[in-house]
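Below is one structure, written out as structure tokens; comments come after it.
Chain naming here is simple, since letters A, B, ... match the order of the sequence lines and numbering starts at 1 in each.
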Protein chains: 2
Amino acid sequence: MLNGVGREIPVDISGIGALRTYQKVTANGQVKNLQRSKERQRNPERNKIIESIEAAVRATGLRDGMTISFHHHFRNGDHVVNMVMETIAAMGIKDLTLAPSSLSDIHAPLIGHIENGVVRRIETSGLRGALAQAVSNGLMNIPVVINSHGGRARAIASGELPIDVAFLGVPSSDAYGNANGYSRENAAASACGSLGYAKVDALHAKQVVLITDNLVGYPNVPFGIPESQVDYIVVVDSIGDSKGIVSGATRYTNNPKDLLIAKCAADVIEASGYFADGFSLQTGSGGASLATTRFLREKMIAANIKASFALGGITQQIVELHEEGLIKKLLDVQSFDLRAVESLKNNRFHHQIDAEYYASPDNEGCAAHQLDVVVLSALEIDLDFNVNVITGSDGVIRGASGGHSDTAAGASVAIIVAPLIRGRMPSILDRVNTVITPGHTVDVLVTDQGIAVNPVRQDLLYNLKAARLPVISIEELKAKTDRIVGIPEPIQWEDKIVGLVKYRDGSIIDVIRQVKKE
Amino acid sequence: MLNGVGREIPVDISGIGALRTYQKVTANGQVKNLQRSKERQRNPERNKIIESIEAAVRATGLRDGMTISFHHHFRNGDHVVNMVMETIAAMGIKDLTLAPSSLSDIHAPLIGHIENGVVRRIETSGLRGALAQAVSNGLMNIPVVINSHGGRARAIASGELPIDVAFLGVPSSDAYGNANGYSRENAAASACGSLGYAKVDALHAKQVVLITDNLVGYPNVPFGIPESQVDYIVVVDSIGDSKGIVSGATRYTNNPKDLLIAKCAADVIEASGYFADGFSLQTGSGGASLATTRFLREKMIAANIKASFALGGITQQIVELHEEGLIKKLLDVQSFDLRAVESLKNNRFHHQIDAEYYASPDNEGCAAHQLDVVVLSALEIDLDFNVNVITGSDGVIRGASGGHSDTAAGASVAIIVAPLIRGRMPSILDRVNTVITPGHTVDVLVTDQGIAVNPVRQDLLYNLKAARLPVISIEELKAKTDRIVGIPEPIQWEDKIVGLVKYRDGSIIDVIRQVKKE
């Protein structure tokens, strides 16, 4: 048979099989695209831009029962989840599983979508505000699943959590979907920095819809998300408020108790035996945790020690050390403030990484597993060093799993910083209300009243004592607290399970029950 | 049932299913890795380094009949293919399909592996030297499949060409597989620049073995290949000779005929109607093609025109225009010389792209589809403007499909540059011996004796004539040649098919037959 250029092509070849012959294909009545590159980008038949969220939802074929995802790089400034869910609800689609990387106060409108049956199930890292309260009060028939950031990446990559459509807000995109968390053409109105969580969804979701308020010229390189992973692009007025990325948990602290704890945490790092040239660190969210860097800086200069890399949510304080030459490279899965956003754009060794790279336990050499030191906050810690960062002292969900358990497991030294007492409630309990991070991966507790070392880490205990740091047992620390505030009444729970906490490997480490109605 | 932190976990949850309960896992008798980050990198139980290629092959479980792949970023300086194939042959593995991105003269030892049944089938972009000669003489029982670079990326990504194990030579890697085509710690002995073809294999192959001669500290960011895609790393003495990346086809030309053609090609671009601020271009390999940039430079400065991006194999000449500010961004799928390697490392908007991004027809907005102008070489062109870049005038395979058909189809103006006569053989034939690029995607032929425009492009014909460029019909150009060198004797072929040429969409555009024995 003659093919499209008049060549005789056999029907099949032994060892290869049936052959498909070349056909000369013309598109739109012409053999090739004759528009100039600049014009093509504006040609709706050639670009990926679609006129509305509704049209994008329709184009993806989204239907009842499917799973959709979002990222939380705008934290409490996000406009995308509510915008998309309102559209989907209006279209009459039901029974969706929502799998955002996390949810914030701003997402309270989801309550209505759950009540109306649009959302049937949620997988997230965290929940806050009215939505979290409602879930804790038994809003949902199926428990919310709480994932760590590494666990979510693992679940998505392994197919355990398949995503049908990802709706990803991006601060800049060209007409084909090369997207980033900032813009090099202008000062993006809605910059969020790293697209680390979104990158996982873009790579693995069956279909990807970008939502942007800032269409830029082709090619938008360097990109956080490449065009090859993008199906549709919707241009809207605003995808988010950059100011919302700075939450209380990532703000620069001047609280004296936080600073005291931070200073003590820096002393622990210095004495740990892991403070050596080329060490690596992460500081999690929370004032004392982030402030640790400030005190560590002086020690690094004094000892002429430079870090090989800092990981995780990147802040102004980490950026300053990087620019000073004290930290060689920054691996940024999430930018915690606008200074970090700016640095990601301008500092070449401030590098955008995805959540799989960051912390997936299936990714053998993931960055979290290369950490020497991590400093993490806690709502509660217990005598087994188990840590709770998800439910408050009233049992209501008010936090996020985040990278807590990932980095605690990965780092050689996992330091928990917490005030001994927080608003008349003790931080140390016999048993935390909810376990996010198992105690055998937690090494040191630093409080404003002393330091406790997990007995499994006799090496650290020895080093900290040798440095004359105020080390006492966690039982003694607890006794101190109890003498001041007493032992709190246990939380009253209903039988109904409202949340399942997955450990990073996907196993269930704890359940969250409905709080008792008063 | 109580889980690993003593929590009662239900067996299953309605709406979610069976639950796996958390187990406290200790590795190597300890709950977490207590080594310092720097030490971990050297710990064979913690890193991905494996002692030899043989051990890596064994670890991957490679067995008879599987498909393995390589990249050709070292072109004729590659050491990896021969090294790996020798090991595999010694291990007694047979019937492999070899799917490298391309093959060069240096790979002649493959002849032995084919004769011995180690290699049963080859998919590649090109073949050269003794191996190509042997294939043309009927060496293989199953025809070699020739893919374009975009077509190969499409075939791999779509699962049409599944790769069991990719063996990828990388000029720098840390102990977990963050790899790049240069090194930031040292002057990599074997730098090759972009890993654009290898990136596709790393992403899609079932297993990935990196082979490096330059182990660097963690984290090796920015990376071309992320650790999350890498299974094993083997350290060897040398993966390749950087000097080998510069072939005759990518060398700076001073040949007067080449320069004449290049100047004329630049005139065509200027007059085409597509030479406007923000235009985009690619120059393929071949002296005249690459030299076009030199003449275009003057026109860009004179008209104050800047290009938005240059694509493809990047050369010194393109880099110079970028550094001068005349080309905003470089999208580099393959670095054609050491100046390009250096620029990729140092110029932030010299960006490494993968072959899927470059030219996969399944990637709707791929960079090749955004081109205004491409300048390409040809071994032969015919009256239908079909182009041959794979078989010589004796019918023997001696070239590569490369990005030829991808960019011709994608660019608004695809210009072929060729001398009218090459060593007493005419470039214009009634019918090319092998079709790589179909004529309906080719727009202009520039020779040392005049310009021919494809009749489907009356717009270009009008513009070039208006600019008083020496345009004549391709039939007249052919007649000129025929008067000088006469019409060559047709090549004598055997019946046996030795090569199948796939168009970028996977259809068969031509077959290559065994050359007749003299």
Side-chain angles (χ1 to χ4, degrees), chain A residues 3-5 7 9 13 15-16 19-24 31-34 36-38 48 121 141-143 176-177 217-219 221-222 226-228 274 276 278-280 308-309 329 331 348 351 356-357 363 365 367 370 372 386 409 412 435 438 440-441 456 500 503 506-511, chain B residues 3 5 7 9 13 15-16 19-24 31-38 48 121 141-143 176-177 217-219 221-222 226-228 274 276 278-280 308-309 329 331 348 351 356-357 363 365 367 370 372 386 409 412 435 438 440-441 456 500 503 506-511:
Chain A
N3 74 1
V5 287
R7 301 290 163 134
I9 307 295
I13 291 272
I16 290 191
L19 302 182
R20 188 157 52 87
T21 59
Y22 169 74
Q23 305 295 327
K24 179 172 159 180
V31 288
K32 62 197 301 188
N33 187 355
L34 303 186
R36 285 186 187 167
S37 181
K38 277 173 96 168
K48 296 183 185 171
R121 198 161 100 58
N141 295 325
I142 302 173
Y176 303 96
Y218 181 91
V221 294
E227 58 176 58
S228 53
Y274 292 83
F279 84 115
S280 57
S308 56
F309 70 94
K329 295 179 177 179
L331 303 182
R348 188 154 189 186
H351 191 75
E356 216 177 332
Y357 187 98
N363 180 13
Q370 308 312 325
D372 284 313
N386 296 315
S412 299
V435 181
H440 72 93
T441 64
V456 300
L500 287 175
Y503 190 57
S507 65
I508 308 296
I509 194 161
D510 211 343
V511 300
Chain B
N3 74 1
V5 287
R7 302 290 163 136
I9 307 294
I13 292 273
I16 290 190
L19 302 182
R20 187 158 52 87
T21 59
Y22 170 74
Q23 304 296 327
K24 179 171 158 181
V31 288
K32 62 197 301 189
N33 187 356
L34 303 187
Q35 287 185 302
R36 285 185 187 168
S37 180
K38 277 173 95 167
K48 296 182 186 171
R121 197 162 100 60
N141 295 324
I142 303 173
Y176 303 96
Y218 181 91
V221 294
E227 58 177 58
S228 52
Y274 292 83
F279 85 115
S280 58
S308 56
F309 71 94
K329 294 178 178 179
L331 303 182
R348 189 153 189 186
H351 190 76
E356 214 177 334
Y357 188 98
N363 180 13
Q370 309 311 325
D372 284 313
N386 295 316
S412 300
V435 181
H440 71 93
T441 64
V456 300
L500 287 175
Y503 190 57
S507 65
I508 308 295
I509 194 161
D510 209 344
V511 299

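- Heavy atoms only, all atoms of each residue included: Lys48(B) and Asn363(A) are closest at NZ-OD1, 4.2 Å.
- The closest donor-acceptor contact from the side chain of Lys24(A) to the backbone of His440(B) lies at 3.5 Å or more, if one exists at all.
- Looking at heavy atoms from C-beta onward, Val5(B) lies out of side-chain contact with Asp510(A) at the 4.5 angstrom threshold.
- Both the backbone and the side chain of Ile509(A) come within contact range of chain B, judged by heavy atoms closer than 4.5 Å.
- Going from atom CD1 of Ile13(B) over to atom CG of Leu500(A) covers 5.0 Å, rounded to the nearest 0.5 Å.
- Looking at Tyr176(A), the atoms closer than 4.5 Å to chain B (heavy atoms on both sides) all sit in the side chain, from C-beta outward.
- Note that CD1 of Ile16(B) and CD1 of Ile508(A) are 7.5 Å apart. Values are rounded to the nearest 0.5 Å.
- Residues Ser507(B) and Asn3(A) form no side-chain contact, since every pair of their non-hydrogen atoms from C-beta on lies 4.5 Å or further apart.
- Note on Gly217(A), Gly177(A), Ala367(A): by heavy-atom pairs under 4.5 Å with chain B, the leading option is Ala367(A).
- Between the side chain of Ser37(B) and the backbone N or O of Asp372(A) there is no donor-acceptor pair closer than 3.5 Å.
- Annotation: maximal heavy-atom pairing with chain B below 4.5 Å, among Pro219(A), Gly15(A), Pro438(A), occurs at Pro219(A).
- With respect to chain A, the highest number of heavy-atom pairs below 4.5 Å among Gln23(B), Arg348(B), His351(B) belongs to Arg348(B).
- In this structure, the side chains of Arg36(B) and Phe279(A) stay at 4.5 Å or more apart for every pair of heavy atoms.
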